[in-house]
Structure formats: C-alpha cells, structure tokens
Amino acid sequence: MSKDGAFDLASGVGGKMSKADVICAVEKYEKYHGFYGGEKEEREANYTDMVNKYYDLVTSFYEFGWGECFHFAPRLTGESFRESIKRHEHFLALQLGLKPGQKVLDVGCGIGGPLREIAKFSYTSITGLNNNSYQITRGEELNRIAKLDKTCNFVKGDFMKMPFEDNTFDAIYAIEATCHAPDAYGCFKEIYRVLKPGQHFAAYEWCLTNSFNPNNQDHQRIKAEIEIGSGLPDIKTIGKCLEALKEAGFEVIWGKDLAEDSPVPWYLPLDGGQFSITNFRATAIGRCVTKYMVRALEYIRLAPKGSERVQNFLEQAAQGLVEGGKKEVMTPMYFFLVRKPLSSGE
C-alpha cells in the first residue's frame, strides 16, 4: 500500500468497518483516553475494543508512512532508516538463536513485516498472533506476494488468552507489541505457558525510563500524548517490565535500552527539524502533506468522515514521541532476552 498512494490510504481507513462507522469509532476511541476524560482503568478493562479500534483506524496510515514494519530502530551513522529496521529485526533473530525448522511465534505481529523479514533471514516457520481481522487479511495478502504463505501464517487471538497448547513454540518474540497489554504479568505468563521449557523469549518494549518523573506534569503530558496516539492503556516503567517477567517465571538473561547507544536518535524520522527523501512520508513535512491530503480526500468523500481526526491523534503521538525521546523519558526499544527454565526447580 505504501507504493499505491493516497487513494489506498483513503480506502483503508477504518479497516473492515463500514465507512459510515469510522467517525463513531474515532469518537469512542478518543473517549478512552485522558485527553478526553478517559481513565486508565477503563482502557485496561476494554483494551481489546480500544486496541482493535485503534488498528482499524490507523493501519493504512502506518503502512502509507512507515512501510510494512511498524517499529523504530537504533541507527548507525550513514545507515538508512530501512537498513536500520532490518538490522534491528536480524538482531532479534540472532539473540534468539533461531534455526531452520524451528516453530516461532510473533506476538502482536501487525501486518507481518518483521515476520516475513525474520522468516527469510532465519529459515524458520513463524506464526503471527494478532487480534485485528483487518491486519490479518492484509498480512496474508503480503505473505502470498512474498511467497511465504506456505511456511508462515497468522492466527487471530488475544495475547492475554492465546489459542495455543502449552509448550508449543521453540522461540517467541514481540516487537513493540506487548506494551498494548492491560496487564504485563498476564501477557508474559501466557507467553511463558506456550513457550517450550528451556527456550527463549525476546522483545523490544515501549517503556518509561528512569528519567521519567511521575510528579512532573510535563512528563505526564508527554506520556498521555503517546498513549492516545499509539493505542496504549498505560506505558510501564523498565523496572515494572522486568518485575512482570520475573513474576511470570522467566529467567532474565539480559536487558538494555538500545536507544542509549544509538549514534542516530531513534526519533529522528519523526523530528520536525529533519528531512529525508527515502522516508519522506514519516517526516514532519511529509506528515503535514498527508494531513492536508487527508483533509481534501475527506472533503470530497473519498476518505470516510473522521479520517482527519485519526491523522491528528497520530500527529499528537509523533510530537510526544519526539519530545519524550529528546528528554529521554521514554524508549520504544528496551530489549530483553529471557528464558523459560527446563523445570520449576531449575
């Protein structure tokens, strides 16, 4: 879709819902968040509805501006954005020690961009777990185009209640996905259950850093902007993330905020002071062009009513992410590698 342009963006807004229902979905999604009087408890209690509405509304925007892989990456000097995305995915596969023939699970797989890249890189069979029907349909189409539909598949399901037997997978990973969980412990416990004993789970997680001050109103504003624009119930701290992993039963091998050592800031693609030809649509100028294009498409009724409001809260998130990155209060790439013990007594 990223190559097909404005009309595919317009037609994709709302996913599988009828175009007349888009504005209602936008209004309901907005009300979940603090900017519109919503409470964290309501977001957590209704996370399935909230996250599904979010991805129905934003997937076409993400693919239009970001490509098939909806995540950030640490970036080397002289490295392109696309190269950094691939290297970030390959690093995950190498840390897991993926081998040909293994059965792997991608938790919260989106439309499967990383799934396809890691499958080609590691010669593994990967199942993508996703609770959003529109993203699964899009991912299956892209798998067929990549000729991976025989070795990789998608399963519709909630990562808080996975539709898999115990001890099913040889390795599990998540890329900026489990941050959508209403309860980190509950999510990690399900991952622990379906992972084979002695095997590994690795992830990139959105977290608040140690620089975040909960009593600082500016920090809380940044957090709220990121949450509404990114479909998050509540961003947890790094400490809470590690605590939940250990409580779920995992042995933590190592963890690190990869943003700390990135020569090029991870938020650079979104920064208003930067310009990129290769990643133009994600830049501030590109997002501004998209905003007016979406407004025009909505005005002439090619895009459903509410499309511009979707673009607005995505822009709010972009601004929050840039500010959070510059102030070092938030990271989208806290990496951890954990292991499920061979037995409870190990």
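Values below: every heavy atom of this structure, side chains too, minus hydrogens, waters and symmetry copies.
At a threshold of 4.5 Å between side-chain heavy atoms, the hydrophobic network of Ile, Leu, Val, Met, Phe, Trp and Tyr places Phe121 and Ile172 in two separate groups. The hydrophobic clustering, which links ILVMFWY residues whose side-chain heavy atoms are closer than 4.5 Å, places Phe91 and Trp266 together. Tracing side-chain contacts under 4.5 Å through hydrophobic residues (I, L, V, M, F, W, Y), one reaches Val155 starting from Leu195; they form part of the same cluster. Hydrophobic clustering, with ILVMFWY side chains joined whenever heavy atoms are under 4.5 angstrom apart, groups Leu92 together with Trp254. Leu76 and Ile85 fall into different hydrophobic clusters, where Ile, Leu, Val, Met, Phe, Trp and Tyr residues are linked whenever their side-chain heavy atoms come under 4.5 Å apart, directly or through other members.
A salt bridge between Glu83 and Arg75 is absent, with no side-chain N of the basic residue lying under 4.0 Å from a carboxylate O of the acidic one. In summary, Arg144 and Glu140 do not engage in a salt bridge, as defined by a charged side-chain N under 4.0 Å from a carboxylate O. Look at Arg193 and Asp166 and you find a salt bridge, because one of the NZ, NE, NH1 or NH2 atoms lies within 4.0 Å of a carboxylate O, short of that distance. A salt bridge between Asp170 and Lys103 is absent, with no side-chain N of the basic residue lying under 4.0 Å from a carboxylate O of the acidic one.
To the nearest 0.5 Å, atom CD of residue Glu243 and atom OG1 of residue Thr237 are 8.0 Å apart. In this structure, NZ in Lys326 is found 12.0 Å from CD in Glu328, a value given to the nearest 0.5 Å. The distance from atom CD of Glu323 to atom CD1 of Ile226, rounded to the nearest 0.5 Å, is 9.0 Å. One finds the CG atom of Asn216 at 13.0 Å from the NZ atom of Lys223 (value rounded to the nearest 0.5 Å).
The backbone N or O of Ile175 sits nowhere less than 3.5 Å from a side-chain atom of His71 that would complete a donor-acceptor pair. Looking at Gln220, its side chain never comes within 3.5 Å of a backbone N or O of Gln217 through a donor-acceptor pair. Under the 3.5 Å distance criterion, the side-chain polar atoms of Asn130 are left unmatched by any main-chain donor or acceptor of Cys109. No donor-acceptor distance shorter than 3.5 angstrom exists from the side chain of Glu225 to the backbone of Ala317, with no hydrogens or angles considered. Judged purely by atom type and a 3.5 angstrom limit, Ser230 has no side-chain atom pairing as donor or acceptor with the backbone of Glu227. Side chain of Tyr204 to main chain of His88: a donor-acceptor pair is present (N/O by atom type, distance under 3.5 Å, no hydrogens or angles). Formation of a donor-acceptor pair under 3.5 Å by the Ser122 side chain with backbone atoms of Ala93 is not found in this model. Between the side chain of Arg87 and the main chain of Pro74, a donor-acceptor pair closer than 3.5 Å is present. A donor-acceptor contact shorter than 3.5 Å links the side chain of Lys156 to the backbone of Asn131.
Using a 30° and 60° split on the angle between ring planes, Phe250 and Phe201 fall in the tilted class, from 30° to 60°. The aromatic rings of Trp206 and Phe72 are tilted relative to each other, their planes meeting at an angle between 30° and 60°.
Within 6.0 Å of atom NZ in Lys240, 12 or fewer heavy atoms from other residues, nucleotides or ligands are found, so the atom counts as exposed in its surroundings.
Residues Thr124 and Lys99 have side chains not in contact (no heavy-atom distance under 4.5 Å, counting atoms from C-beta outward). Put simply, the side chain of Thr151 does not reach to within 4.5 Å of the side chain of Tyr123, judged on heavy atoms. When side chains are defined from C-beta on, Leu148 counts as touching Lys120, because their heavy atoms get closer than 4.5 Å. Here the side chains of Phe154 and Asn143 are in contact, with some heavy-atom distance below 4.5 Å. Between Glu79 and Val264, the closest side-chain pair of non-hydrogen atoms is not below 4.5 Å. Side-chain atoms of Asp106 and Tyr173, non-hydrogen and from C-beta on, do get closer than 4.5 Å to each other. Looking at Leu105 and Val194, their side chains come closer than 4.5 Å, going by heavy atoms from C-beta outward.
Shown here are the side chain to side chain contact (heavy atoms under 4.5 Å, CB included) partners of Thr178, two or more places apart in sequence or in another chain: Val107, Ala174, Cys187, Phe188, Ile191, Glu205.
Both tests pass for Lys340 against the ring of Tyr192: distance under 6.0 Å to the centre and angle within 45° of the axis.
Inspection of the Glu117 and His90 side chains reveals an N or O donor paired with an N or O acceptor under 3.5 Å.
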